Amino acid sequence: MSESAQICWLDLHRIVAGRPAVLSLLVGRFGSAQAVFAASRRELEELPGISAAIVNDVLEGPDPCHVSKELDWLAQDDAFLVTFEDGLYPRALREIPDPPPLMFVRGNPAVLSRPQIAITGSRNPTQAGADNAHEFAAALCQAGLTVTSGLALGIDACAHRGALAASGATLAVSGTGADRVYPSRHLELAHEI
């Protein structure tokens, strides 16, 4: 994706304050994030649920100054912005209700489209539960699946570690953004992933 397209996606994401349904509506109506910024006031105001503040911000045009932190993060070799427009966006994810219009990815974005299984559970598992999560994840990776979890304490971490122990692929889905690891004690685990 070109830097100008990244700026449009990132600034549009900022403008709609992280409301994916509004971002999806805008991009769906105009065809791309860049086309949203080329829309007229009348075209924007005709859309349901688009506030006057959003219209005014869009009409100001994309501003790289507003998204400089994100652009700096994306300048790293293993950092990617994957959007609806991108061929790397997982086909299965497009089929869920309200899929995220964009994702920040650290690592190999092609892993997003591999067959996956989610393993999640208690943050305070028993030792047997932790062992089972680790062993199941390892076995499922050896069978060709990618283990997806949330990097949380407990079962999530055990699943990620089991996948890594089997030299398998694992995805950590994080609600905090790719620039911050939560919980912070999983920083090393996040880097291994």
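Here the structure is a predicted model, which is why all the values come from computation and not from measurement.
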note = When every non-hydrogen atom of Cys141 is compared with those of Val147, the smallest separation belongs to SG-CG2, 3.7 Å
Atom pair CG (Leu171) and OG1 (Thr146), whose distance is rounded to the nearest 0.5 Å = 6.0 Å
key: Contact list for residues 107-124, test side-chain hydrogen bond (donor to acceptor under 3.5 Å, both in side chains), sequence neighbours left out   = Gln116-Thr148
key: Euclidean distance, Leu187 CG relative to His191 NE2, rounded to 0.5 Å   = 4.0 Å
query = Considering only heavy atoms from C-beta outward, does the side chain of Val67 approach that of Trp9 to under 4.5 Å?
reply = no
inquiry  = Whether the Gln127 and Asp131 side chains hold a donor-acceptor pair (N or O, under 3.5 Å, no angle test) is what I'd like checked.
reply    = yes
task = Evaluate the criterion salt bridge (charged side-chain N to carboxylate O under 4.0 Å, His left out) for residue pair Asp72 and Lys69; output intermediate values, then yes/no.
result = CA-CA 5 Å; Asp72 289 345; Lys69 183 178 176 184; over 6 Å; no
task = Give the C-alpha distance, both sets of side-chain angles, the deciding distance and a yes or no for side chain to side chain contact (heavy atoms under 4.5 Å, CB included) between Leu153 and Arg185.
result = CA-CA 9 Å; Leu153 298 173; Arg185 69 176 94 168; 3.7 Å; yes
ask   = When rounded to the nearest 0.5 angstrom, what distance separates CD1 in Ile54 from CG in Leu12?
value = 8.5 Å
query = Do you know the tightest heavy-atom contact between Gln34 and Ser4?
reply = NE2-OG, 3.4 Å
ask   = Any donor-acceptor pair under 3.5 Å linking the side chain of Asp156 with the backbone of Ser149?
value = no
From CA spacing to verdict: side chain to side chain contact (heavy atoms under 4.5 Å, CB included), Cys8, Val36 = CA-CA 9 Å; Cys8 288; Val36 172; over 6 Å; no
query = Should Leu26 and Leu44 count as side-chain neighbours, where that means a heavy-atom distance under 4.5 Å?
reply = yes
inquiry  = Are Leu88 and Phe80 packed together at the side-chain level, in the sense that at least one heavy-atom pair is separated by less than 4.5 angstrom?
reply    = no
query = About how many Å separate OG of Ser174 and CZ of Arg106, when rounded to the nearest 0.5 Å?
reply = 11.5 Å
Nearest heavy-atom neighbours spanning Gly129 and Ile155 = O-CD1, 3.5 Å
ask   = Is Thr83 close to Val27 at the side-chain level, that is, under 4.5 Å between some pair of heavy atoms?
value = no
Steps toward side chain to side chain contact (heavy atoms under 4.5 Å, CB included) verdict (Arg29, Glu43) = CA-CA 10 Å; Arg29 165 61 177 85; Glu43 290 173 314; 4.3 Å; yes
query = Side-chain contact, heavy-atom cut-off 4.5 Å: Glu70 with Gln6?
reply = no
ask   = Would you say the side-chain atoms of His160 pair up with the backbone N or O of Leu151, donor to acceptor, closer than 3.5 Å?
value = yes
query = Shortest non-hydrogen contact from Val16 to Arg19?
reply = O-NE, 2.8 Å
inquiry  = With rounding to the nearest 0.5 angstrom, report the NE2 to CG distance, His13 to Leu23.
reply    = 7.0 Å
query = Heavy-atom distance under 4.5 Å between the side chains of Ile15 and Val22, does that happen here?
reply = no
ask   = In Å and rounded to the nearest 0.5 Å, what is the CG to CD1 distance from Leu145 to Ile117?
value = 6.0 Å
message = Do Asp57 and His66 have side chains that approach each other closer than 4.5 Å (heavy atoms only, starting at C-beta)?
response = no
query = Are any of the side-chain heavy atoms of Phe30 and Leu47 separated by less than 4.5 Å?
reply = yes
Please tabulate, for side-chain N and O atoms in residues 93-105, each donor-acceptor pair with protein atoms closer than 3.5 Å (sequence neighbours left out).
{"residue": "Arg94", "atom": "NH1", "partner": "Phe84", "partner atom": "O", "Å": "3.0"}
{"residue": "Arg94", "atom": "NH2", "partner": "Phe84", "partner atom": "O", "Å": "2.7"}
{"residue": "Arg94", "atom": "NH2", "partner": "Asp86", "partner atom": "O", "Å": "3.3"}

